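The model shown is predicted, which means the values in this text are computed figures rather than measured ones. By convention here, the first residue in the shown sequence is residue 1.
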Amino acid sequence: MQVQINSDNNISMHGKLSDSIGAYINNLLQRFDPYLTRVEVHLTGENVKKTGPKHKRCVLEARAKRHPSLIVTNNSTDIEDAFSGAAAKMHRQLETTYGRLADKRRRKQKMEGRITHVRAVSLAE
């Protein structure tokens with residue numbers, strides 16, 4: 001899984017921040033590695049009011065191999081809070097999406113086993 005980090009000119013991106021974001025994403029989403037090709041992190045800073053605190057936004061996009069991309073967004077006044085909130089949302093979204101697919105596959109295998117068992121019983125009679 002590849003992690004790509006993008007930021008606008010309002011966010012000062014340095015090597016330490018970039019490395020920590022990449023390591024955090026790899027650690028958090030490691031179990032979904034077989035399903036994902038790339039995770040894109042988009043960090044933006046926006047000032048809603050000229051005098052108020054600057055708001056940070058983190059958008060995470062998980063590009064899946066055989067499914068549509070999943071996108072989550074989180075806003076905060078701190079870049080770390082915005083990023084960690086978006087990462088938690090993405091983890092829940094991936095858990096929901098791929099957990100359902102795994103359940104569907106298990107149900108299908110279970111049903112095929114039942115059908116095979118019913119056929120075997122009917123042939124024995």
Side-chain angles (χ1 to χ4, degrees):
M1 171 177 56
Q2 191 179 31
V3 178
Q4 182 178 348
I5 302 167
N6 304 307
S7 66
D8 67 357
N9 58 355
N10 295 323
I11 304 291
S12 60
M13 184 59 66
H14 47 82
K16 186 178 177 183
L17 178 61
S18 177
D19 291 342
S20 68
I21 287 174
Y24 188 82
I25 288 289
N26 279 324
N27 188 30
L28 184 67
L29 305 180
Q30 180 180 8
R31 84 176 199 96
F32 303 107
D33 191 30
Y35 304 109
L36 303 176
T37 58
R38 181 173 67 218
V39 176
E40 292 186 23
V41 180
H42 301 278
L43 301 169
T44 57
E46 44 194 45
N47 196 353
V48 178
K49 298 178 184 177
K50 297 286 184 192
T51 59
K54 293 188 177 190
H55 294 280
K56 309 297 185 209
R57 171 179 282 172
C58 179
V59 177
L60 288 179
E61 181 178 3
R63 305 255 176 142
K65 290 182 180 174
R66 294 182 198 100
H67 300 284
S69 296
L70 300 172
I71 300 171
V72 296
T73 302
N74 196 41
N75 297 321
S76 181
T77 56
D78 185 57
I79 194 67
E80 288 84 12
D81 291 339
F83 169 70
S84 63
K89 286 180 183 182
M90 179 57 75
H91 186 265
R92 285 191 303 270
Q93 185 73 26
L94 289 168
E95 188 72 43
T96 300
T97 301
Y98 292 107
R100 287 181 181 169
L101 287 174
D103 286 345
K104 184 178 179 181
R105 289 185 190 117
R106 280 193 295 269
R107 283 192 306 266
K108 183 179 177 184
Q109 290 173 349
K110 195 174 191 180
M111 187 57 73
E112 288 172 352
R114 287 180 182 169
I115 291 170
T116 304
H117 177 70
V118 168
R119 286 183 183 157
V121 170
S122 66
L123 289 175
E125 293 175 350

Check whether [X] and [Y] end up in the same hydrophobic cluster, where Ile, Leu, Val, Met, Phe, Trp and Tyr are linked by side-chain heavy atoms less than 4.5 Å apart.
| X | Y | result |
| --- | --- | --- |
| L28 | I71 | no |
| Y24 | L94 | yes |
| Y35 | V72 | yes |
| V59 | V39 | no |

Partner set under side chain to side chain donor-acceptor pair (under 3.5 Å) for [X], not counting sequence neighbours:
| X | value |
| --- | --- |
| N26 | none |
| Q93 | none |
| R63 | E40, E61 |

Next item on the list: Go through the structure and list residues passing salt bridge (charged side-chain N to carboxylate O under 4.0 Å, His left out) with E95, not counting sequence neighbours.
Entry: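 Residues passing salt bridge (charged side-chain N to carboxylate O under 4.0 Å, His left out) with E95: R31.
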Can you tell me how far [atom2] of [Y] sits from [atom1] of [X], rounded to the nearest 0.5 angstrom?
| X | Y | atom1 | atom2 | value |
| --- | --- | --- | --- | --- |
| H67 | L36 | NE2 | CG | 10.0 Å |
| Q30 | M1 | CD | CE | 7.5 Å |
| L60 | L29 | CG | CG | 8.0 Å |
| K56 | N75 | NZ | CG | 11.5 Å |

Next item on the list: Could you walk me through whether V41 and C58 pass side chain to side chain contact (heavy atoms under 4.5 Å, CB included), step by step?
Entry: CA-CA 7 Å; V41 180; C58 179; 4.0 Å; yes
Notebook entry, point to check: Are side-chain heavy atoms of V3 and I5 found at a separation under 4.5 Å?
Noted result: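 Yes, close enough: below the 4.5 Å cut-off.
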Please tabulate, for side-chain N and O atoms in residues 14-23, each donor-acceptor pair with protein atoms closer than 3.5 Å (sequence neighbours left out).
| from | atom 1 | to | atom 2 | distance (Å) |
| --- | --- | --- | --- | --- |
| H14 | ND1 | L17 | N | 3.2 |
| S20 | OG | K16 | O | 3.3 |
| S20 | OG | L17 | O | 2.9 |

Check: Would T77 and H55 satisfy side chain to side chain contact (heavy atoms under 4.5 Å, CB included), going step by step from the backbone distance to the final call?
Finding: CA-CA 5 Å; T77 56; H55 294 280; 4.1 Å; yes
Check: Can you name the nearest heavy-atom pair linking L70 to M90, along with the distance?
Finding: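 Minimum heavy-atom separation between L70 and M90: O-CE, 3.4 Å.
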Notebook entry, point to check: Hey, does the side chain of N6 reach the backbone of H42 with a donor-acceptor pair shorter than 3.5 angstrom?
Noted result: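 Such a contact is absent between N6 side chain and H42 backbone.
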Notebook entry, point to check: Backbone N or O of S84 within a donor-acceptor pair of the N74 side chain at under 3.5 Å?
Noted result: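 Not at all, since once roles are kept as given, no pair shorter than 3.5 Å links the two residues.
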Check: By ring-ring contact (aromatic ring centres under 6.0 Å, His included), which residues pair with H91, not counting sequence neighbours?
Finding: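 For H91, the residues satisfying ring-ring contact (aromatic ring centres under 6.0 Å, His included) (neighbours in sequence not counted) are F32.
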